[in-house]
Amino acid sequence: MPELPEVEVVRRGLERWVGGRTVADVEVLHPRAVRRHLAGADDFVHRLKGHAFGAPMRRGKYLWLPLADSGSSVLAHLGMSGQLLVKTQQAPEEKHLRIRVRFEDAAGDAAPGTELRFVDQRTFGGLSLHENTPDGLPDVIAHIARDPLDPLFDDEAFHQALRRSRTTIKRALLNQSLISGVGNIYADEALWRARLHYERPTATFTRPRTVQLLGHVRDVMNAALSVGGTSFDSLYVNVNGESGYFDRSLDAYGREDEPCRRCGTPMRRRPWMNRSSYFCPRCQRPPRAS
DNA sequence: TGGTTGACCTGATGGC
DNA sequence: TGCCATCAGGTCAACC
């Protein structure tokens, strides 16, 4: 599932193949793939035509392409199964192709004759168009916190937010207004590395504990990024349709009944918030009931 | 106001 | 072989 490392891999691909190119035409094949656009898909198409894409940007799991000379951006969220692919115009259509963007070819294009495709099996993701804030951020994601790989992420502010909250640590890690980019997979991986149970109350966190956890979050994300992200199936791929390899390095997620790589105890899976949490019952002791 | 829950969505899988 | 239930999970509106 696309979390921060996977989205960053896609952003880098877009930077290489799409940045600087001018939109010739847009085809919306599934109206739901255009999000939050009250004027409809036709208006979305009209507003993109003739504009050049600037350098792609990312915050957490969101990425956006600024539209030159417009003060607005095309915002993309991949949801659970979204893909942004750069394909030749002759390439066969994907079964779940939702939006196609064609470009005006120009001298210097890295990949003339190619187009950008948004493919999404479950249609949890989509593209949308928004005005930029003075910081250059699409206005609808102004509430999204910086992600832990952002040099301006404030560790101390995050620690204070944990101390103030009456919640548990995995909920906090998935709260995109506290820290962005972390999803179910990397939350479980970071908590396993930090030997923390997912139900531990955030109000009990000491500053060293928070710093240690953030270090593990960053380590696991950087490790995933270095091998192209995590792919369990064909649902996550980079812009060239290639899978990442980090699933082979996962220590917690998806390892129910397999031995913990630290102590050998069988890993457990517990239903949690309509999803699953994977943990080692020995290394990650549940908090004492208060 | 902050925390929690369920709907959205479709393909894969397993049980009968 | 076909039908049905279940599962996967990020976001956000609605609810408490």
Side-chain angles (χ1 to χ4, degrees), chain A residues 1-8 10 29-38 58-64 75-84 94-99 118-128 130 138-145 147-148 157-158 160-191 198-204 217 221 224 229-237 243 246-247 250 252-257 268-279 290:
Chain A
M1 312 306 160
E3 299 182 31
L4 187 156
E6 292 74 38
V7 178
E8 175 60 17
V10 171
L29 295 104
H30 192 302
R32 196 180 143 79
V34 174
R35 295 302 176 98
R36 312 183 199 192
H37 201 79
L38 295 176
R58 182 189 57 74
R59 176 169 286 192
K61 301 169 198 169
Y62 287 92
L63 63 85
W64 67 94
L75 180 68
H77 195 286
L78 302 179
M80 289 181 58
S81 53
Q83 303 173 348
L84 282 165
E94 293 75 11
K95 184 177 178 184
H96 300 104
L97 177 60
R98 309 302 192 193
I99 298 174
F118 178 69
V119 177
D120 194 359
Q121 178 194 98
R122 296 177 193 163
T123 59
F124 272 34
L127 306 185
S128 52
H130 304 281
D139 52 13
V140 291
I141 61 165
H143 67 289
I144 299 293
D147 60 65
F158 177 67
Q160 294 302 331
L162 289 186
R163 296 283 300 181
R164 282 194 303 271
S165 297
R166 286 194 297 270
T167 189
T168 50
I169 186 58
K170 188 168 172 183
R171 285 178 186 273
L173 286 176
L174 297 186
N175 183 343
Q176 304 295 301
S177 61
L178 287 180
I179 179 171
S180 67
V182 184
N184 201 41
I185 297 171
Y186 295 114
D188 279 358
E189 291 302 307
L191 289 171
Y198 58 93
E199 295 266 285
R200 175 182 274 251
T202 58
T204 67
V217 170
M221 285 184 163
T230 302
S231 306
F232 297 108
D233 47 35
S234 59
L235 287 187
Y236 162 68
V237 293
S243 296
F246 194 66
D247 58 308
L250 294 175
Y253 186 86
R255 299 194 64 245
E256 183 179 19
D257 295 333
R268 289 197 184 146
R269 179 179 75 89
R270 287 283 178 273
W272 181 84
M273 279 180 70
N274 294 325
R275 21 179 89 70
S276 294
S277 271
Y278 296 87
F279 67 105
S290 57

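Every value quoted in this text rests on a predicted model; they were computed, and no experiment measured them. We name chains A, B, ... by the order of the sequence lines, and we start the count at 1 in each one.
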- Message: Please check: side-chain N/O of Glu189(A) versus main-chain N/O of Ala252(A), any donor-acceptor pairing under 3.5 Å?
- Response: yes

Looking at [options], which one has an atom nearest to any side-chain atom of [X]?
X        : options                  : value
His77(A) : dG11(B), dG10(C), dC9(B) : dG10(C)
Tyr62(A) : dC9(B), dT11(C), dT10(B) : dT11(C)
Lys61(A) : dC8(B), dT11(C), dT5(B)  : dT11(C)

For [N], take OP1 and OP2 only and decide whether either is under 4.0 Å from a side-chain N or O of [X].
X         : N       : answer
Ser165(A) : dG3(B)  : yes
Thr167(A) : dG2(B)  : no
His96(A)  : dG11(B) : yes
Ser276(A) : dA8(C)  : yes

Integer-rounded Å distance: [N] [atom2] and [X] [atom1]:
X         : N       : atom1 : atom2 : result
Gln121(A) : dT13(B) : CD    : C1'   : 13 Å
Arg270(A) : dC7(C)  : CZ    : P     : 15 Å
His143(A) : dT1(B)  : NE2   : P     : 16 Å
Arg171(A) : dG6(B)  : CZ    : P     : 11 Å
Ile185(A) : dG10(C) : CD1   : P     : 7 Å
Met80(A)  : dA12(B) : CE    : P     : 14 Å
Leu78(A)  : dG10(C) : CG    : C1'   : 11 Å
Asn184(A) : dT11(C) : CG    : P     : 12 Å

- Message: Looking at Arg32(A) and Asp120(A), is there a salt bridge between them, counting it only when a charged N and a carboxylate O are closer than 4.0 Å?
- Response: no

- Item | Salt bridge flag under 4.0 Å for residues Asp188(A) and Lys170(A) | yes

- Message: Ignoring hydrogens and geometry beyond distance, is the side chain of Arg122(A) in donor-acceptor contact with the base of dG11(B) at under 3.5 Å?
- Response: no

- Query: Looking only at heavy atoms, which two atoms of Ile144(A) and Arg59(A) are closest? And how far apart?
  - Reply: O-NH1, 3.1 Å

- Shortest non-hydrogen contact from Ile179(A) toward Ala145(A): N-CB, 3.7 Å

- Query: Reckon Arg269(A) touches a base, only the sugar-phosphate, or nothing at all at heavy-atom distances under 4.0 Å?
  - Reply: sugar-phosphate

- Message: Need to verify one output field. Residue with the more 5' nearest nucleotide on DNA chain B, Thr168(A) or Arg275(A)?
- Response: Thr168(A)

